[in-house]
Protein chains: 2
Amino acid sequence: MAYTQHAKTLAEEVHQRIRADILAGRLLPGQRLKLALLCDEHGVSLSIVREALTRLAAEKLVRAQPQQGFAVTALSVAELRDLTFVRIAIESVALRRAIELGGVEWESRLLAAHHRLAHTPVHSPADPKRLSEAYAQAHAQFHETLTEACGSPRLLELQRSLYDTSELYRRLSYMLNRRRRNKAGEHRGLLDAALARNADRAVAMLAEHYESTTRTLVESGILERPAIGDAA
Amino acid sequence: MAYTQHAKTLAEEVHQRIRADILAGRLLPGQRLKLALLCDEHGVSLSIVREALTRLAAEKLVRAQPQQGFAVTALSVAELRDLTFVRIAIESVALRRAIELGGVEWESRLLAAHHRLAHTPVHSPADPKRLSEAYAQAHAQFHETLTEACGSPRLLELQRSLYDTSELYRRLSYMLNRRRRNKAGEHRGLLDAALARNADRAVAMLAEHYESTTRTLVESGILERPAIGDAA
DNA sequence: TATGTTTAGATTATCGATTTATAATTTACA
DNA sequence: TGTAAATTATAAATCGATAATCTAAACATA
């Protein structure tokens with residue numbers, strides 16, 4: 001995920017901060033991002049906020065409309081389905097390569113990442129409805145490690161970018177999911193398949209893992225009403 | 001490719017202009033892009049050029065180094081190989097879907113795009129060493145049409161972005177390729193395979209099509225010396 | 001009451017100037 | 001003569017102000 005790398009420029013700093021706000025759900029899909037408010041909030045000038053939002057727009061986390069400012073990207077059902085399809089397509093390729101190329105080094109890191117994930121509480125003690133920040137991190141780390149050994153930096157970056165785009169939908173899904181899907185089991189299965197070098201099974205599990213999240217969201221109907229709140 | 005959509009803001013206008021300069025090879029890989037010079041050239045203020053370059057950096061067409069400005073992205077051999085790998089991976093998925101989903105409508109457009117490509121002169125009369133602008137367009141169009149029917153806007157956009165990144169390497173390859181590879185034949189074969197709904201053959205041809213371009217470049221050794229010229 | 005038009009307020013887009021950081025050059029010292 | 005510190009020059013990053021544009025409210029008209 002690479003939150004808070006030591007940013008070398010102010011614009012980069014603010015870019016990462018706003019990005020984190022979006023991914024953590026502090027800024028909601030559809031919400032307008034008014035420049036002046038963001039300036040106050042981060043204590044910087046217009047140019048900085050503009051540059052930050054411009055970058056986020058290029059990453060598709062916010063949408064820019066000329067003369068009308070910026071808003072957090074809100075995915076339609078169709079777009080979420082498409083995103084899921086592309087993620088599965090790309091990660092399948094990466095996962096197959098990783099399973100093919102990864103060595104003992106990779107196996108160890110994967111095992112470690114899974115162990116951390118399995119032992120991180122899903123909900124924060126403070127707000128039991130929400131996903132904890134620590135879990136979100138561990139989850140991202142596990143999925144990243146899974147394909148890490150694929151040997152293609154570019155593919156990995158694509159994967160990370162798409163992961164980010166779907167991050168807040170993933171959080172939503174967690175909050176919605178009443179019948180408590182067995183996430184832990186799915187991760188365990190993924191781990192086992194990868195370590196057993198069973199690419200077909202791993203890929204199938206990954207696809208199901210992603211599709212079920214999307215299904216939960218679509219069936220909940222929460223995506224229909226574009227949760228537009230104003231201001232930042 | 002979407003050159004010169006009617007841009008609604010100045011920054012977008014300049015962004016597209018610089019982008020076109022890079023893709024057409026008027027700005028070379030490794031070349032530093034000094035803000036002041038670009039301001040003069042396009043008759044705009046610093047902020048505008050900064051925003052344009054920031055976007056190009058997000059698209060990976062230029063590289064930004066904090067406190068040191070921007071430079072046109074120069075791919076190393078390893079990066080070019082990786083790029084090729086990712087392009088093949090992504091377009092393979094898209095092509096298979098297109099072959100599966102595409103209807104008569106798609107076939108017609110593909111046939112038309114191929115016809116146009118086949119009848120556009122490769123070199124411009126003005127500069128017989130360089131690739132003509134018209135051919136570059138037609139080529140882009142053909143490849144875009146090939147996968148158009150895949151049903152995934154996101155996948156197509158990814159494809160286009162990667163196509164752009166490799167655009168100037170493709171042009172280089174054309175200029176270098178002495179033994180005159182049979183490009184026309186490859187395109188013809190791709191067309192036939194697609195129309196015959198032979199996904200495996202089409203994908204294989206596509207992969208070979210891209211890999212041979214990369215091979216030409218790598219073997220030429222032209223990528224080794226990072227063609228750094230200063231100024232814009 | 002509904003529709004279209006004008007006007008005031010708010011917000012974004014752009015600019016030119018200032019501040020800050022890096023790179024190049026000179027000077028001092030071993 | 002070579003290295004390190006100090007100085008200057010160059011370019012990027014940031015800011016605050018102005019111009020252009022949009023949104024919404026108030027008003028007039030049918």
Side-chain angles (χ1 to χ4, degrees), chain A residues 4-19 21-22 27-28 30-59 61-74 226 228-232, chain B residues 4-19 21-22 27-28 30-59 61-74 226 228-232:
Chain A
T4 40
Q5 279 179 0
H6 19 249
K8 299 226 71 171
T9 105
L10 243 188
E12 176 57 18
E13 174 82 31
V14 173
H15 166 242
Q16 288 185 11
R17 287 228 293 269
I18 299 179
R19 176 207 191 80
D21 284 345
I22 295 174
L27 296 172
L28 275 69
Q31 186 170 353
R32 280 195 66 193
L33 299 169
K34 295 197 191 162
L35 299 179
L37 287 180
L38 290 170
C39 288
D40 284 0
E41 196 170 328
H42 296 94
V44 294
S45 138
L46 265 172
S47 339
I48 302 302
V49 171
R50 265 195 83 74
E51 175 158 342
L53 291 181
T54 298
R55 290 204 214 178
L56 289 168
E59 297 170 32
L61 282 174
V62 319
R63 213 157 273 189
Q65 271 172 313
Q67 255 72 35
Q68 287 168 244
F70 302 83
V72 180
T73 299
I228 301 165
D230 208 77
Chain B
T4 41
Q5 281 178 357
H6 18 250
K8 301 225 72 170
T9 104
L10 243 187
E12 175 57 17
E13 174 82 31
V14 172
H15 165 243
Q16 288 185 10
R17 287 229 293 269
I18 299 179
R19 175 206 191 81
D21 284 346
I22 295 174
L27 295 172
L28 276 72
Q31 186 170 352
R32 280 197 65 192
L33 299 170
K34 294 197 190 160
L35 298 178
L37 289 180
L38 290 171
C39 288
D40 284 0
E41 195 170 331
H42 295 93
V44 294
S45 140
L46 264 172
S47 339
I48 303 302
V49 171
R50 265 195 83 74
E51 175 159 342
L53 292 181
T54 298
R55 291 205 213 178
L56 290 168
E59 299 170 31
L61 282 174
V62 318
R63 212 156 272 190
Q65 273 174 311
Q67 256 70 37
Q68 288 169 243
F70 301 84
V72 180
T73 299
I228 301 162
D230 209 77

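Proteins come first, then strands; the chains are lettered A, B, ... in the order of their sequence lines, and each starts at number 1. It should be emphasised that the depicted structure is a prediction, and the values quoted were computed from it without experimental measurement. Side chains are part of it too, since the values below use all heavy atoms of this structure and drop only hydrogens, waters and symmetry mates.
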To the nearest 0.5 Å, atom NZ of B:K8 lies from atom CD of A:Q67 at 7.0 Å
Rounded to whole angstrom units, what separation is found between the CD atom of B:E12 and the P atom of C:dT14? 10 Å
Using a heavy-atom cut-off of 4.0 Å to chain A, what are the terminal contacting nucleotides of DNA chain D, in 5' to 3' order? D:dT14 to D:dT23
Once you round it to whole Å, what is the distance between C1' of C:dT11 and CD of A:Q65? 14 Å
Which protein N or O atoms sit under 3.5 Å from an N or O of nucleotides 16-25 of chain C?
residue: C:dA23; atom: OP1; partner: B:Q68; partner atom: NE2; Å: 2.8

With DNA chain D as reference, determine whether A:I48 or B:A36 sits nearer its 5' end, using the nearest nucleotide of each. B:A36
Show the numbers, then the answer: is there a side-chain contact (heavy atoms from CB on, under 4.5 Å) between A:V62 and A:L27? CA-CA 11 Å; A:V62 319; A:L27 296 172; over 6 Å; no
List the atom of A:A57, the atom of A:A64, and the distance in Å for their closest heavy-atom pair. CB-CB, 4.2 Å
Which dot-bracket string describes DNA chain D (Watson-Crick N1-N3 plus N6-O4 or O6-N4, or G-U N1-O2 and O6-N3, all under 3.5 Å; [ ] crossing; | other strand)? ||||||||||||||||||||||||||||||
Here the pair of heavy atoms bringing A:A11 nearest to A:A52 is O-CB, 4.1 Å
Given A:V72 and A:L33, is the side-chain contact (heavy atoms from CB on, under 4.5 Å) satisfied, shown in steps? CA-CA 7 Å; A:V72 180; A:L33 299 169; 4.0 Å; yes
Under a 4.0 Å threshold between the charged nitrogen and the carboxylate oxygen, would B:E59 count as salt-bridged to B:R55? no
Tell me if a side-chain donor or acceptor on B:Q31 pairs with a main-chain N or O of B:L28 at a distance below 3.5 Å. yes
Value in whole Å for how far the C1' atom of C:dT14 lies from CG of A:L35: 13 Å
Verdict with reasoning, A:E41 to A:D21, per side-chain contact (heavy atoms from CB on, under 4.5 Å): CA-CA 12 Å; A:E41 196 170 328; A:D21 284 345; 4.3 Å; yes
Closest heavy-atom pair, B:A58 versus A:A58, reported as atoms and distance to 0.1 Å, is CB-CB, 3.2 Å
Which value, rounded to the nearest 0.5 Å, describes the distance between B:T73 atom OG1 and B:L56 atom CG? 9.0 Å
